[in-house]
Amino acid sequence: DIQRWGRVVAQSLKPGGKFFLAETHPAILMFEGDGSPGGMKLAWPYFAAEQPLYGEFESSYADPAAKLVNRGEYWFPHTIGDVVNALIGAGLTIEALDEHPFGICSLVPGSEQAEDGWWYLPAGTIQVPQLYSIRARR
């Protein structure tokens, strides 16, 4: 319940308090690797459905080398608009919304970890948003 989430965030802040969110961009979560470097295929919807999405995965972004035993995962996708509107609806003021061409892990096949610790697609590759951040104030 994204609206309830927004209210919980607002209730957790003092007046004037700041909220910062850095999250995987929902657009990149629509894709999965097709086995080729940088290759992606459309696999998941961008907009939420009434029922959760379900997928089975062999490993986790947290540890790609680990082989999962319980491979099933349920989730509800939320667009950036859903998140922003939930925060606004809870009374927060959005101060900044940014999209970034890097991620916290290798979600895109062929991405490489740079010296700054973020994961980027190689130079010369079409760049896609991998992360977004929001700063809001109560």
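Heavy atoms only: backbone and side chains are in, while hydrogens, waters and symmetry mates are out.
- Taking 4.5 Å as the limit, every side-chain heavy atom of L29 sits out of range of all side-chain heavy atoms of Y46.
- Between E23 and Y132, some side-chain heavy-atom pair lies under the 4.5 Å cut-off.
- Under the 4.5 Å side-chain contact rule for hydrophobic residues, I80 and L87 share a cluster.
- When each of I88, L21, I94 is tested with V83 by the rule side chain to side chain contact (heavy atoms under 4.5 Å, CB included), just one qualifies, namely L21.
- Among all heavy-atom pairs drawn from F20 and S133, the shortest one is CZ-CB, 3.6 Å.
- A distance-only check finds a donor-acceptor pair linking the side chain of S12 to the backbone of V8 [under 3.5 Å].
- Listed by chain and number, the residues in a salt bridge (Lys or Arg N to Asp or Glu O under 4.0 Å) with E95 are R135, R137 (sequence neighbours excluded).
- The aromatic rings of F19 and W5 sit perpendicular to each other, their planes meeting at more than 60°, with 30° as the lower class boundary.
- Rounded to the nearest 0.5 angstrom, H78 NE2 and N85 CG are separated by 13.0 Å.
- How far NZ of K41 is from CZ of F31: 12.5 Å, rounded to the nearest 0.5 Å.
- For the 3.5 Å distance criterion, the side chains of Q130 and H100 fail to qualify, holding no donor opposite an acceptor.
- Under the 4.5 Å side-chain heavy-atom criterion for Ile, Leu, Val, Met, Phe, Trp and Tyr, F47 and L42 are members of the same hydrophobic cluster.
- Residue M30 is not grouped with residue W119 when hydrophobic side chains (ILVMFWY) are merged at heavy-atom distances under 4.5 angstrom, including chains of intermediate members.
- Using a 4.5 Å heavy-atom cutoff, the side chains of P52 and W75 are not in contact.
- Looking at heavy atoms from C-beta onward, L13 lies in side-chain contact with L92 at the 4.5 angstrom threshold.
- Surrounding NZ of K14 are at most 12 heavy atoms belonging to other residues, nucleotides or ligands under 6.0 Å away.
- For the pair P26 and P77, the minimum side-chain heavy-atom distance is 4.5 Å or more.
- Across all non-hydrogen atoms, the minimal contact from R138 to A10 is CD-O, 3.3 Å.
- Through chains of ILVMFWY side-chain contacts below 4.5 Å, L131 is grouped with F102, I104, W118, Y120.
- Scanning all heavy atoms of the two residues, the minimum distance from Q113 to G117 falls at NE2-O, 3.0 Å.
- In this structure, Y74 places its OH atom where only 12 or fewer heavy-atom neighbours from other residues, nucleotides or ligands lie under 6.0 Å away.
- Here the side chains of L53 and F76 are not in contact, with every heavy-atom distance at 4.5 Å or above.
- Around atom CD of E56, more than 12 heavy atoms belonging to other residues, nucleotides or ligands sit under 6.0 Å away.
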